[in-house]
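Structure record follows, encoded as structure tokens.
All ligand and atom numbering here is 1-based and tracks the order in the structure.
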Amino acid sequence: MPQPAPTSPLALNSFDEFTRLDEVLLGRAEHYDAHHTDTSWRLFFYDNVAPVLGQHTSPSGEELLPIPTQLVDELNEDIAGLADALTECGVKVLRPAAPGKDIDIRSPHWDARATPPLNVRDQTIILGNTIVETAPHVRARIFENDLLKPAFYRYYQHGANWLSMPRPALTRDSLDTAYFTHQNQDVRRATDGESAGAIEGLGLEMVFDGAQCMRLGRDVLVNVANHNHELALRWLRDNIRDLRFHRLDAMADNHIDSVLVPLRPGLMLLRSPAYLKYLPKAMQSWDVIYAPDTDDSNFPDYSDLGFVIPIGSRYMDINLLSIDENTVVVNSLYPELIEVLERRGFTVVPVRHRHRRLFGGGFHCFTLDTVRRGGPEDYLS
Ligand SMILES: N[C@@H](Cc1ccc(O)cc1)C(=O)O
């Protein structure tokens with residue numbers, strides 16, 4: 001039964017990816033003018049950046065890889081377009097506080113250039129009326145959620161619960177490379193040159209990103225690709241007792257929202273049939289829209305700008321954002337997907353997003369849906 005539109009101010013309520021969206025946090029990217037390519041960054045993005053590591057970053061791995069200003073400006077233009085489109089759809093858009101320029105941070109064990117709060121999906125999961133801050137993989141992201149605190153306090157004052165996974169120290173021995181070594185990949189290009197300190201007796205830590213989860217009412221799918229993630233799944237089960245967490249066994253190295261997006265009960269968007277086997281049995285009989293092939297001409301040509309590292313894959317645009325079960329916001333530069341969705345009866349809101357492979361996020365990554373109308377429904381039986 002559709003529920004009536006809630007009145008303002010809205011209470012945190014978000015159990016799924018597709019019921020009517022009323023309020024959303026949208027990331028921002030001012031001053032995103034470098035990637036700090038330390039070992040935690042190299043390992044996190046390894047699947048995408050391995051082929052070019054060493055060639056374009058120093059052996060110490062501590063280099064600031066500059067991003068041309070034109071690209072940052074164009075990214076911000078595209079995000080402004082997304083904000084407008086969401087507002088036109090009747091969604092209230094909240095933003096993080098503004099990031100500063102060239103913010104260098106340090107812990108007792110390492111230092112890093114802070115990443116702006118662009119992919120706000122990554123460091124938080126909203127589970128019903130609970131904010132769960134997760135445990136960052138990348139050192140440069142450890143304080144990113146500080147800029148979301150004004151919004152989180154607003155929800156807290158309106159009754160939300162607020163939890164945080166233990167903050168990882170991210171020392172030299174904290175991160176598990178098992179996902180890559182199981183595939184016989186040599187990760188030395190990521191880990192060579194590590195300069196972070198160690199803590200005696202501390203081994204692998206709980207390290208996990210919100211974007212490793214997909215929410216389906218009372219069920220949550222959780223991608224677990226190594227021991228860091230396994231510790232986080234246990235934490236989720238111990239601390240959120242009224243939801244069911246389903247382990248997806250190494251469906252990807254970390255995030256799963258450019259692999260799988262549930263569109264409505266019984267229908268999902270999936271990168272390819274090869275991913276079906278990772279899903280819970282009940283989902284394997286859902287109707288599936290497979291990501292259509294896309295053309296290289298839909299991606300910008302960066303050859304005139306010199307070298308820029310693509311940290312995201314060609315599948316980034318699977319990463320759409322649902323306004324409701326019939327309306328989706330999709331990158332206008334993926335016309336093949338728009339066509340398939342329209343044929344299936346969706347209303348598509350096209351929004352241009354050019355540099356998705358450089359900043360590693362699509363519309364699902366850039367947003368954190370804080371108020372949707374659905375509840376803890378059972379969509380899996
Ligand atoms: N291999 C991961 C790495 C990644 C994660 C987050 C990003 O924003 C970008 C890339 C992915 O492709 O999902």
Exercise for review: Could you label the plane-to-plane angle of the His353 and Phe366 rings as parallel, tilted or perpendicular, counting under 30° as parallel and over 60° as perpendicular?
Suggested key: tilted

Review point. When you measure from atom 10 (C) of ligand 1 to every protein heavy atom, which one gives the shortest distance, and what is it?
Key: Ile311 O, 3.2 Å

Exercise for review: Look at atom 3 (C) of ligand 1 and say which protein heavy atom is nearest, naming residue and atom and giving the distance to 0.1 Å.
Suggested key: Asn254 OD1, 3.6 Å

Review point. With a 6.0 Å cut-off on ring centres, are His355 and Tyr302 close enough?
Key: yes

Review point. Is the Tyr155 to Trp162 ring centre distance short of 6.0 Å?
Key: no

Review point. Which heavy atom of the protein is the closest neighbour of atom 7 (C) of ligand 1, given with residue, atom name and distance?
Key: Gly360 O, 3.1 Å

Practice item. Only heavy atoms count here, so choose which of Asp209, Asp253, Asp47 is nearest to atom 11 (C) of ligand 1. Key: Asp253

Point to revise | Which residue and heavy atom of the protein sit nearest atom 6 (C) of ligand 1, plus the separation | key: His255 ND1, 3.2 Å

Review point. With a 4.0 Å cut-off on heavy atoms, does Phe44 reach ligand 1?
Key: yes

Check your understanding: ligand 1 versus Asn48, non-hydrogen atoms closer than 4.0 Å: side chain, backbone, both, neither?
Key -> side chain

Review point. Where does the angle between the aromatic ring planes of Tyr32 and Phe359 fall among parallel (under 30°), tilted (30 to 60°) and perpendicular (over 60°)?
Key: perpendicular

Check your understanding: For the residue pair Phe18 and Tyr379, is the inter-centroid distance of their aromatic rings smaller than 6.0 Å?
Key -> yes

Check your understanding: Which class fits the ring pair Trp41 and Phe45: parallel under 30°, tilted 30 to 60°, perpendicular over 60°?
Key -> tilted

